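What follows is one structure encoded as structure tokens, with my remarks underneath.
Keep in mind that what you see is a predicted model, and the values were worked out from it rather than measured. Proteins get letters first, then strands, A, B, ... in listed order; numbering begins at 1 in each.
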Amino acid sequence: MTYTSSLLRLLDERGYIHQITDAQGIDALAAKQVVPGYIGFDATAPSLHVGSLVQIMMLRRLQQTGHKPIVVMGGGTTKIGDPSGKDESRKMLTPEAIGANIASIRTVFERLLTFGDGPTDAVMVDNDEWLSQLGYIELLRTVGPHFTINRMLTFDSVKLRLEREQPLTFLEFNYMILQAYDFRELSRRQGCRLQMGGSDQWGNIVNGIELTRRMDGTELFGLTTPLLTTADGAKMGKTAAGAVWLNEDQLPAYDFWQYWRNCDDRDVGRFLRLFTDLPLEEIARLEALEGAGINDAKVVLANEVTKLCRGEEAARTAAETALTTFAGGGLGQDLPTLEVPAEGIRLAAACTAVGFTASNGEAKRKIGEGAVRIDDEPVTDPAFLITVDGGATRKLSLGRKKHAVLLSG
RNA sequence: GGACAGGUGGCCGAGUGGUUAAAGGCAGCAGACUGUAAAUCUGCCCGCGCAAGCGUACGCUAGUUCGAAUCUAGCCCUGUCCA
């Protein structure tokens with residue numbers, strides 16, 4: 001369908017839209033007034049990762065088209081301990097830890113959104129503000145009548161668990177009620193009219209809309225993004241090496257840049273539309289590049305995303321490091337470094353020390369396989385003693401992609 | 001509270017007394033081929049040690065045994081059904 005509001009048009013042409021509760025309704029609303037819209041985020045870690053970036057970018061799009069982004073931090077829900085994952089997510093965080101996480105996460109939002117008091121300035125709120133005030137009996141009486149178990153059982157989040165015969169705790173079952181309540185509360189406090197989220201949030205969003213309609217008679221809207229996976233089917237933002245964190249102190253800019261630089265050919269166009277502000281014509285040109293030429297598009301992608309999330313400076317340094325390291329065979333300043341003591345260090349120990357390998361045993365195996373090079377010369381003796389002359393630097397590499405700088409210590 | 005089933009390496013999943021650091025698959029890492037991509041083929045894939053070797057590991061604890069992931073007891077956890 002064609003949209004009249006710039007918001008919906010932008011979201012549509014850039015590939016953010018999976019489902020909308022009432023496409024015409026929200027389009028009409030966005031065409032005539034400032035729409036405050038929110039997305040909820042978890043506060044279980046000191047940083048969000050790339051998996052949340054689509055949502056953050058949607059808030060950015062909201063603001064770009066003249067609307068008001070509301071960032072909702074799940075401080076209240078985090079207090080309970082999000083039960084959706086398996087064992088690790090069972091941990092319950094202290095209020096102090098949650099507060100620290102929220103402060104840390106906020107730094108990324110500040111790069112991508114403009115905060116303030118103006119009508120289209122972004123605001124950040126913590127759902128703990130209202131959730132922790134709730135009394136159980138009160139909640140049951142006011143909200144309880146609007147939910148039927150029959151209906152709740154039909155939601156995918158619940159249904160899938162039951163079908164797979166996986167446990168679903170009462171706590172988790174209640175999660176959707178709290179999330180629904182969030183939407184209603186935001187509608188009352190901030191005049192929020194739109195909730196966005198990943199496609200897995202559809203049920204929660206719809207519940208919030210229904211609850212608010214029944215309790216207050218207010219009409220709200222919901223919009224979800226497609227579930228983002230990489231071309232080979234993996235969830236975005238998680239690699240075997242760990243999550244791709246948005247915060248600098250969780251993941252160095254160089255590694256962040258490399259994540260995008262190494263993306264699958266098939267993902268380039270999609271990612272450029274979702275995660276950069278580049279004009280669509282420019283993206284069309286980039287994704288049309290063929291063969292090795294697509295690498296140029298990947299560099300642009302890495303530059304742009306790193307610029308947005310980490311700043312110009314970080315993006316430039318990471319790009320320069322990549323250029324000199326890969327193309328020039330030299331050394332970039334952004335690479336991990338290791339100070340080598342005067343008496344030298346064994347090759348295997350050096351590999352582990354710079355983080356190439358998890359253990360000396362693994363390092364030895366890799367060395368034996370001929371994967372490790374010093375100054376681009378393969379070395380196959382794990383006991384080889386590396387020394388660095390005073391003031392000089394040497395290059396340590398494992399495979400094509402892992403490089404580090406050795407300094408004299 | 002009761003009956004039954006089950007808990008194995010990042011995940012899935014074989015294994016019912018020694019030859020099992022534990023088949024196979026997935027994921028991952030490296031090599032070859034390339035384009036810092038994908039696909040494919042090959043190798044690797046608990047830790048320490050230069051090495052010989054040692055230490056840990058099959059939910060937890062205690063036991064049987066020359067020897068246990070495998071047998072016994074108790075406990076914990078999960079699922080299904082019953083109350």
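- Atoms CG (A:Asn295) and C1' (B:A38) sit 12 Å apart, rounded to a whole Å.
- With a 6.0 Å cutoff to the six-membered ring centre and a 45° limit on the axis angle, A:Arg61 does not count as a cation-pi contact of A:Tyr16.
- As rounded to the nearest Å, B:A22 and B:G9 have P atoms that lie 15 Å from one another.
- B:C71 is paired with B:G63 under the criterion used here, namely a Watson-Crick or G-U wobble arrangement in which both key atom distances are under 3.5 Å.
- For A:Ser359, the side-chain atoms get nearest to B:G47 when compared with the rest of B:G47, B:G35, B:U36.
- The side chain of A:Phe326 approaches B:U36 more closely than any other nucleotide in the set B:C50, B:U36, B:G49.
- Summarising the geometry, the separation between CG on A:Asp255 and C1' on B:U36 is reported as 13 Å, rounded to the nearest angstrom.
- Of all nucleotides present, none satisfies the Watson-Crick or G-U wobble test against B:A39 with each distance under 3.5 Å.
- Rounded to a whole angstrom, the distance from the P atom of B:G55 to that of B:A5 is 38 Å.
- Between B:G2 and B:U20, the distance separating the two P atoms is 41 Å to the nearest Å.
- Nucleotide B:A27 forms no Watson-Crick or G-U wobble pair with any nucleotide shown, as no partner meets the under 3.5 Å limit on both distances.
- For A:Arg189 and A:Glu185, the salt-bridge test passes: some basic side-chain N is under 4.0 Å from an acidic carboxylate O.
- Taking the C1' atoms as reference points, B:G13 lies 30 Å from B:A62, given to the whole Å.
- Contact annotation: A:Asn360 reaches the phosphate of B:G49 (side-chain N/O to OP1 or OP2, under 4.0 Å).
- Using a 4.0 Å heavy-atom cutoff across all strands shown, A:Trp260 reaches no nucleic acid atom at all.
- Among the protein residues, A:Asp264 comes within range of the sugar-phosphate backbone only, with heavy atoms under 4.0 Å from sugar or phosphate atoms but none that close to a base.
- Comparing the same atom, P, in B:G24 and in B:A14 gives a spacing of 15 Å after rounding to whole Å.
- Atom CG of A:Asp296 is separated from atom C1' of B:G35 by 10 Å (rounded to the nearest Å).
- Comparing B:G63 with B:G10, their C1' atoms sit 33 Å apart, to the nearest whole Å.
- The C1' atoms of B:A57 and B:G7 are separated by 15 Å, rounded to the nearest whole Å.
- Residue A:Arg365 is classed as a sugar-phosphate contact, given heavy-atom separations below 4.0 Å to backbone atoms only.
- Among B:C29, B:C44, B:G31, the nucleotide with an atom closest to any side-chain atom of A:Glu369 is B:C44.
- Out of B:A30, B:G49, B:C45, the shortest distance to the side chain of A:Lys364 is found at B:G49.
- The nearest whole Å value for the distance from the CD atom in A:Gln258 to the C1' atom in B:A37 is 13 Å.
- For A:Lys366 and B:G43, the NZ to P distance is 13 Å, given to the nearest whole Å.
- How far CD of A:Gln133 is from CG of A:Leu139: 13.0 Å, rounded to the nearest 0.5 Å.
- Pairing for B:C48 goes to B:G53, judged as Watson-Crick or G-U wobble with the two contacts each under 3.5 Å.
- Regarding A:Phe356, its CZ atom lies at a distance of 14 Å from the C1' atom of B:U36, rounded to whole Å.
- Side-chain contact check for A:Leu48 versus A:Gln55: every heavy-atom pair is 4.5 Å or farther apart.
- In this structure, B:C33 forms no base pair with any nucleotide, since neither Watson-Crick nor G-U wobble geometry is met with both distances under 3.5 Å.
- If you take atom P in B:A51 and the same atom in B:G67, they sit 31 Å apart, rounded to whole Å.
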Residue pair A:Arg270, A:Asp267: steps toward the salt bridge (charged side-chain N to carboxylate O under 4.0 Å, His left out) verdict: CA-CA 5 Å; A:Arg270 200 159 51 106; A:Asp267 289 327; 2.8 Å; yes
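- Residue-level contact check: A:Asp381 touches neither bases nor backbone, having no heavy atom under 4.0 Å from any strand.
- Within the 4.5 Å cutoff, the side chain of A:Thr387 has no heavy atoms near those of the A:Val340 side chain.
- Summarising the geometry, the separation between CD on A:Glu290 and P on B:U34 is reported as 20 Å, rounded to the nearest angstrom.
- Both tests do not hold together for A:Arg261 against A:Phe326: distance to the six-membered ring centre under 6.0 Å, angle to the ring axis within 45°.
- The CG atom of A:Asn303 sits 6.0 Å away from the CH2 atom of A:Trp257 when rounded to the nearest 0.5 Å.
- Put simply, CZ on A:Phe384 is 15 Å from C1' on B:C50, counting in whole angstrom units.
- A close approach under 4.0 Å does not occur between any side-chain nitrogen or oxygen of A:Arg261 and OP1 or OP2 of B:U36.
- Among the heavy atoms of the strands lying under 4.0 Å from A:Gly291 is at least one base atom, whether or not backbone atoms are also near.
- Pairing partner, B:G1: B:C82, with both Watson-Crick or wobble hydrogen-bond distances short of 3.5 Å.
- If you find the closest nucleotide of RNA chain B to A:Gly370 and to A:Arg266, the one lying nearer the 5' end belongs to A:Gly370.
- Here the side chain of A:Ala371 is nearest to one of B:G35, B:G31, B:C29, namely B:G31.
- Of the residues near RNA chain B, A:Arg346 and A:Trp257, the one whose nearest nucleotide (by heavy atom distance) lies more toward the 5' end is A:Trp257.
- Among the protein residues, A:Ile294 comes within range of the nucleic acid bases, having at least one heavy atom under 4.0 Å from a base atom.
- You'll find that the side chain of A:Asp265 is closest to B:A37, out of B:C50, B:G31, B:A37.
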